Amino acid sequence: MKVVAAEHVAAAAGQDGLPPPGPPEIAFLGRSNVGKSSLLNALAGRRGLARVSSTPGKTRLLHFYRLECQQGAARRPLVLVDLPGYGWARVSQEERKSWQALVEGYLAGREPLRAAVLLQDLRRDVSRDELDLLAWLAERHIPVLVALTKCDKLSLGPRTARARELARALGPSPERVLAISASRGLGVTELWRAILAHVG
Ligand code: GTP
Ligand code: MG
């Protein structure tokens with residue numbers, strides 16, 4: 001599979017700003033700074049497509065990226081959606097609610113949505129936020145792939161042990177749990193394969 005084109009097509013601050021339903025969509029969600037934008041760039045094979053932030057939690061927008069994927073003679077469009085991160089330090093109840101309205105509003109009612117990729121830092125423990133999100137997605141029958149990010153920070157042995165530990169903590173609802181490094185390109189092919197299985 002080769003990504004032959006990639007472009008940013010829309011940024012939405014609310015339901016009104018969503019682009020009209022089009023090609024299949026895959027949503028990326030996770031804690032702020034977990035590596036969502038970096039993973040999107042790694043999947044697209046384009047370094048500067050999504051902005052990698054040094055100031056976490058700044059973007060409270062949904063970003064839509066349209067890719068053209070070439071497999072043999074077939075070419076198909078696919079949209080990757082970079083959702084705003086959660087878990088910024090000390091946000092108000094108000095801000096939490098507006099994040100929820102934005103993200104859940106998109107996830108709950110989006111016809112082209114095929115699957116969600118939940119990102120979890122390989123070195124961090126799973127929190128209530130991830131477990132709540134997984135339960136919420138399972139209730140709505142949205143398939144979930146988990147990407148354990150920044151796996152380059154651990155050597156192979158500890159990485160494998162940690163991935164197994166986190167898979168247990170995440171419970172039975174994720175369809176796959178994959179260790180990923182956007183910076184080294186580890187696990188990216190496997191994640192692509194799992195994503196494409198949801199795109200008809
Ligand atoms: P927000 O948009 O603020 O929610 O962050 P994000 O989840 O999009 O994370 P982003 O991709 O901006 O990455 C955050 C930081 O983690 C950056 O400094 C990245 O360089 C770093 N990072 C992302 N992926 C990896 C990785 O695979 N390995 C390592 N070592 N660092 C990474
Ligand atoms: Mg980002």
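Counting begins at 1 with the first residue of the sequence. Any value given below was found using the heavy atoms of this structure, including those in side chains, with hydrogens, waters and symmetry copies removed. Since we're looking at a predicted model, the values are computed, not measured. Counting starts at 1 for both ligands and their atoms, following the listed order.
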In terms of ring plane angle, is the pair H8 and H63 parallel, tilted or perpendicular, where the classes change at 30° and 60°?
tilted

Inspect the contact between R128 and E130 and indicate whether a charged nitrogen and a carboxylate oxygen are less than 4.0 angstrom apart.
no

Using 2.8 Å as a strict upper limit, say whether an N, O or S atom of S37 approaches the Mg ion (ligand 2) that closely.
yes

Heavy atoms only: which of P84, G30, S37 is nearest to atom 8 (O) of ligand 1?
S37

If we number the atoms of ligand 1 from 1 as shown, the ones under 4.0 Å from a heavy atom of S181 are 27 (O)

Would you say V52 and ligand 1 have an N/O pair spaced under 3.5 Å apart?
no

Among L122, V177, D121, whose side-chain contact (heavy atoms from CB on, under 4.5 Å) with L166 holds?
L122

With a 4.0 Å cut-off on heavy atoms, is T149 in contact with ligand 1?
no

Based purely on interatomic distance, does D82 place a nitrogen or oxygen under 3.5 Å from a nitrogen or oxygen of ligand 1?
no

Pick one of side chain, backbone, both or neither for how R184 approaches ligand 1, counting any non-hydrogen atom pair under 4.0 Å.
neither

I'd like the name of whichever of K36, R31, K150, K153 reaches closest to atom 16 (O) of ligand 1 through any heavy atom.
K150

If only side-chain N and O atoms count, and only distance matters, is there a donor-acceptor pair under 3.5 Å linking R31 with S127?
yes

